[in-house]
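Here's the structure we're looking at; comments come further down.
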Amino acid sequence: MREALFIGGILASVTHDMQNVMAIIKESGALADDILTINGPPRLRHGDKLTTALVNIQEQVKRGRDLMLMLNGFAHAATDFPECGDLVRFTRQIATLDQRMARLKECSLVTDLDVPPVLVLGNALTIMQSVHVGLSAMLDICQANDVIRIGIVPAGEDGRISLRISAENSKKQPDIQTMAPLMTELGGECRSGEGVVELRYSLAPAQGTAKP
């Protein structure tokens, strides 16, 4: 944990500065766009392409800021949420940070997480690691153009809530050997079937009957 806190502290500081860098680039691009709007494209060869280039810059800056925001939250997680964390929030963060993994597999990653916060037991860093491992297991069995969906399954009588990760077109069963120890550490468990894995977490005492 000491190493995780050290890495988190460095990442938190750097990502905060990088957000400032992105903000400056965004403001500079907006200023250049305003100047072009007022004066028109400069009389240069291919000067008309400058407007398109500025639009691309703004889009990539927004993407970069979103990634930095999620990475900053990731960096703060270990210290800010040592005993329990919001499963919905941290799943969104990992899904954003894992988008590149999905693109490399030519798959789409879709989150169905329009639900209130769900506090579960465990350090937030471990919670996010479990979600990442679950997503990785599903990406291992998916094919090109598949859609990976992530959603919350309401808690049952045992006081556990599930995060369901499924591949729409895969009939293979994901390997859960790597994630099983993580879920045990969190006081939960994992299950798998054809094209689906469920990570079952113990709710924090205020929301369920599970005890630490």
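Positions are given from 1 along the sequence.
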* Roughly how far apart are Leu67 CG and Gln19 CD, rounded to 0.5 Å? -> 11.0 Å
* Asked: Side chains of Cys142 and Leu139: does their closest heavy-atom pair fall under 4.5 Å?
  -> yes
* Nearest heavy atoms of Leu71 and Leu97, plus distance in Å -> N-CD2, 4.1 Å
* **Leu163 side, atom CG; Thr91 side, atom OG1 - distance, nearest 0.5 Å** => 4.5 Å
* Asked: Between Leu135 and Met138, is any pair of side-chain heavy atoms under 4.5 Å apart?
  -> no
* Do Asp33 and Leu31 have side-chain heavy atoms sitting under 4.5 Å apart? -> no
* Determine whether Arg200 and Glu189 make a side-chain contact, defined as any pair of heavy atoms from C-beta on separated by less than 4.5 Å. => yes
* Over 12 non-hydrogen atoms of neighbours within 6.0 angstrom of NZ in Lys26 -> no
* Residue pair Met179 / Ala137: nearest heavy atoms and the distance that separates them -> CE-CB, 3.5 Å
* **Electrostatic pair Arg149:Glu168 at N-O distance under 4.0 angstrom** => yes
* Spell out, as yes or no, whether a donor-acceptor pair under 3.5 Å connects the side chain of Ser28 to the backbone of Ile24. => yes
* To do: Enter the distance from Thr37:OG1 to Leu54:CG here, rounded to the nearest 0.5 Å.
  => 9.0 Å
* Asp146 side chain vs Asn169 backbone, donor-acceptor pair below 3.5 Å -> yes
* Asked: Would Gln173 and Glu194 satisfy side-chain contact (heavy atoms from CB on, under 4.5 Å), going step by step from the backbone distance to the final call?
  -> CA-CA 5 Å; Gln173 185 167 344; Glu194 290 185 355; 5.5 Å; no
* Note, Val153 side chain near Ile161 side chain (heavy atom, < 4.5 Å) -> no
* To do: Return yes if some donor-acceptor pair links the side-chain N/O of Ser170 with the main-chain N/O of Ile141 below 3.5 Å, else return no.
  => yes
* Can you get from Ile176 to Ile150 by hopping between Ile, Leu, Val, Met, Phe, Trp and Tyr side chains that sit under 4.5 Å apart? -> yes
* To do: Decide yes or no on side-chain contact (heavy atoms from CB on, under 4.5 Å) for Ile38 and Leu36, but give the supporting numbers first.
  => CA-CA 5 Å; Ile38 294 171; Leu36 285 177; over 6 Å; no
* Flag, side chain of Ser130 to backbone of Ile127, donor-acceptor distance under 3.5 Å -> yes
* Donor-acceptor under 3.5 Å (Asp112 side chain, Gly151 main chain) -> no
* Examine the side chains of Tyr201 and Ser162 and answer whether a donor and an acceptor come within less than 3.5 Å of each other. => no
* When rounded to the nearest 0.5 angstrom, what distance separates CD in Gln60 from CD1 in Ile25? -> 11.5 Å
* Test Glu83 against Leu121 for side-chain contact (heavy atoms from CB on, under 4.5 Å), laying out the working first. => CA-CA 6 Å; Glu83 297 180 357; Leu121 293 175; over 6 Å; no
* How far apart are the C-alpha atoms of Leu203 and Leu119, what are their side-chain angles, what is the distance that settles it, and do they pass the side-chain contact (heavy atoms from CB on, under 4.5 Å) test? -> CA-CA 6 Å; Leu203 288 167; Leu119 291 180; over 6 Å; no
* To do: May I ask you to decide whether Glu198 forms a salt bridge with Arg191, counting only side-chain N to carboxylate O separations under 4.0 Å?
  => no
* What heavy-atom pair brings Phe90 and Gly85 nearest, and what distance separates the two atoms? -> CE1-CA, 3.7 Å
* Asked: Can you name the nearest heavy-atom pair linking Ala204 to Cys84, along with the distance?
  -> CB-CB, 4.4 Å
* How many angstroms lie between atom CG of Leu104 and atom CE of Met101, to the nearest 0.5 angstrom? -> 8.5 Å
* **Asp114 atom CG: more than 12 heavy-atom contacts under 6.0 Å** => no
* Asked: Can you tell me how far the CZ atom of Arg160 sits from the CG atom of Leu186, to the nearest 0.5 Å?
  -> 10.5 Å
* Asked: Side chain of Arg92, backbone of Leu113: donor and acceptor closer than 3.5 Å?
  -> yes
* Asked: Between Val197 and Pro174, what is the shortest heavy-atom contact and its length?
  -> CB-CG, 4.1 Å
* **CZ/Arg103: more than 12 non-hydrogen atoms of other groups inside 6.0 Å** => yes
* Of all heavy-atom pairs between Pro116 and Val88, which one has the smallest distance, and what is that distance? -> O-CG2, 3.6 Å
